[in-house]
Amino acid sequence: MSAYDAIARLYDPWSRSVIEDVAFYVGLAAQSGGPVVELGVGTGRIAVPIATAGVAVIGVDSSRAMLEVCGERAAQAGVARLVDLRVGDLADPPVREPVPLVLCPFRAYLHLEDDEARLAALAAAHRLLAPGCRLVFDVFAPGPEDVEETHARWLEREPGIWERAHWDTEARRLTLDVRGESGETTMTLSWLRPDEWRALLERAGFEVEALYGWFDRRPYAGGEDAVFVARRSS
């Protein structure tokens, strides 16, 4: 089971304020012409707007419960025919046809615990892409203020939805507890510095085309958030 199964009905209320990346990913999808593979598609926060823009999406997730919600959202939006949902994980997405764009939004690669898993996932994305096409994803590395302000404290992220972060800065691992009326779960995320992500991308056969510090495409200049645009180079 996925850690997200227990909060599939809680996820959209929990993440309702996360909208800053939607236009960025939708724009990339439209430019690519599709079809687009979204890894960690979840409940369709990105996939449904992409489909609404007329671009076909193959959405992959390890949580069947999240995919069920995504299917419902796509149907409600009238774009179910453009959203192809498949159960799978980051290291072995069940996609055989090459695509012009692979997306992995909302820090989904942080669920990978070590470099072996990260390289396996990046290699899988590489196999999905036609030569010269792109993988785009975002990650973060917490700053000391964020750690200090949130460590081991229950915070109400949205009305009736609480989260608690346990930061292990030596291991660079976050254990996040989430709870609400409709479910609760615990998940683990592991972070790297952007230069470490760049090195892994190069080992996996990618060239970093751009590194942004936010979804408005400002150049990365330090900070917690990093958005990678990587082109398959081989």
Side-chain angles (χ1 to χ4, degrees), residues 15-42 44-53 55 57-60 90 93 99-112 115 117-119 121-126 128-147 150 167 172 174 176 189-234:
S15 62
R16 75 177 76 208
S17 63
V18 184
I19 58 174
E20 62 274 1
D21 57 345
V22 176
F24 173 78
Y25 284 115
V26 171
L28 289 169
Q31 291 170 13
S32 78
V36 173
V37 169
E38 183 184 347
L39 302 172
V41 69
R45 190 181 64 84
I46 301 294
V48 171
I50 287 175
T52 301
V55 181
V57 185
I58 302 169
V60 178
L90 297 174
V99 297
L101 181 65
V102 174
L103 305 176
C104 191
F106 205 17
R107 307 166 172 176
Y109 276 150
L110 270 63
H111 289 293
L112 302 167
D115 280 355
R118 294 175 189 117
L119 280 169
L122 294 175
H126 187 277
L128 299 179
L129 289 165
C133 293
R134 296 181 179 93
L135 164 66
V136 184
F137 65 95
D138 59 273
V139 291
F140 88 108
E145 291 184 2
D146 191 18
V147 173
T150 62
W167 301 95
R172 294 192 289 183
L174 164 63
L176 185 65
L189 301 96
S190 300
W191 68 87
L192 296 177
R193 299 188 310 271
D195 63 299
E196 294 172 310
W197 278 110
R198 181 187 290 272
L200 289 173
L201 283 162
E202 291 173 352
R203 288 176 61 186
F206 287 98
E207 176 185 351
V208 176
E209 188 174 275
L211 174 56
Y212 301 124
W214 195 241
F215 300 102
D216 59 4
R217 299 175 187 256
R218 72 185 72 168
Y220 180 79
E224 296 189 352
D225 295 282
V227 184
F228 282 89
V229 179
R231 183 185 296 274
R232 176 177 166 170
S233 58
S234 59

Between L192 and R118, is a side chain to side chain contact (heavy atoms under 4.5 Å, CB included) present by the stated rule, with each step listed?
-> CA-CA 11 Å; L192 296 177; R118 294 175 189 117; 3.6 Å; yes
With side chain to side chain contact (heavy atoms under 4.5 Å, CB included) as the test, would you mind laying out the steps for W214 and E20 before giving the verdict?
-> CA-CA 9 Å; W214 195 241; E20 62 274 1; 3.2 Å; yes
Could you give me the CA-CA distance, side-chain angles and deciding distance for R45 and V22, then say whether side chain to side chain contact (heavy atoms under 4.5 Å, CB included) is met?
-> CA-CA 8 Å; R45 190 181 64 84; V22 176; 3.9 Å; yes
Side chain to side chain contact (heavy atoms under 4.5 Å, CB included) between V102 and V136, worked out = CA-CA 6 Å; V102 174; V136 184; over 6 Å; no
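Comment: R198 does not engage E207 in a salt bridge, judged by the lack of any side-chain N to carboxylate O separation of less than 4.0 angstrom.
V37 is not listed as a side-chain neighbour of L101, based on a closest heavy-atom distance of 4.5 Å or more. Residues V227 and F24 are in side-chain contact: their nearest non-hydrogen atoms beyond the backbone lie under 4.5 Å apart. Side-chain contact between L122 and L200 is present, with heavy atoms from C-beta onward closer than 4.5 Å. The shortest side-chain heavy-atom distance between I58 and E38 does not fall under the 4.5 Å cut-off. Taking 4.5 Å as the limit, some side-chain heavy atom of L103 sits within range of a side-chain heavy atom of I50. Residues V41 and I46 have side chains not in contact (no heavy-atom distance under 4.5 Å, counting atoms from C-beta outward). At a threshold of 4.5 Å between non-hydrogen side-chain atoms, the residues L39 and P93 count as touching.
Ring planes of W191 and F140: tilted class, angle from 30 to 60°.
The shortest non-hydrogen separation linking C104 to L90 is SG-CD2, 4.2 Å. D21 and P105 get closest at one heavy-atom pair: OD2-CB, 4.5 Å. Nearest heavy-atom pair, D216 versus R218, reported as atom, atom and distance to 0.1 Å: OD2-NH2, 2.7 Å. Heavy atoms only, all atoms of each residue included: P35 and V99 are closest at O-CB, 3.4 Å. Summarising the geometry of P194 relative to L211, their closest heavy-atom pair is CB-CD2, 4.2 Å, with the distance given to 0.1 Å. The nearest pair of heavy atoms linking F206 to A125 is CZ-C, 4.2 Å.
Applying ring pair (Phe, Tyr, Trp, His ring centres under 6.0 Å) to F137 and the options W197, Y212, F106 leaves one that passes, W197. Considering V139, D138, L174 in turn, V139 is the only one that fulfils the side-chain contact (heavy atoms from CB on, under 4.5 Å) rule with L110.
Note that the NE2 atom of H126 and the SG atom of C133 stand 11.0 Å from one another [nearest 0.5 Å].
Of the possible donor and acceptor atoms, none in the side chain of S32 sits under 3.5 Å from a partner among the backbone N and O of P100. Looking at R232, its side chain never comes within 3.5 Å of a backbone N or O of G132 through a donor-acceptor pair. Judged by distance alone, the side chain of R134 and the main-chain N or O of V229 form no donor-acceptor pair under 3.5 Å. The closest donor-acceptor contact from the side chain of E224 to the backbone of G143 lies under 3.5 Å. Formation of a donor-acceptor pair under 3.5 Å by the E196 side chain with backbone atoms of R193 is found in this model.
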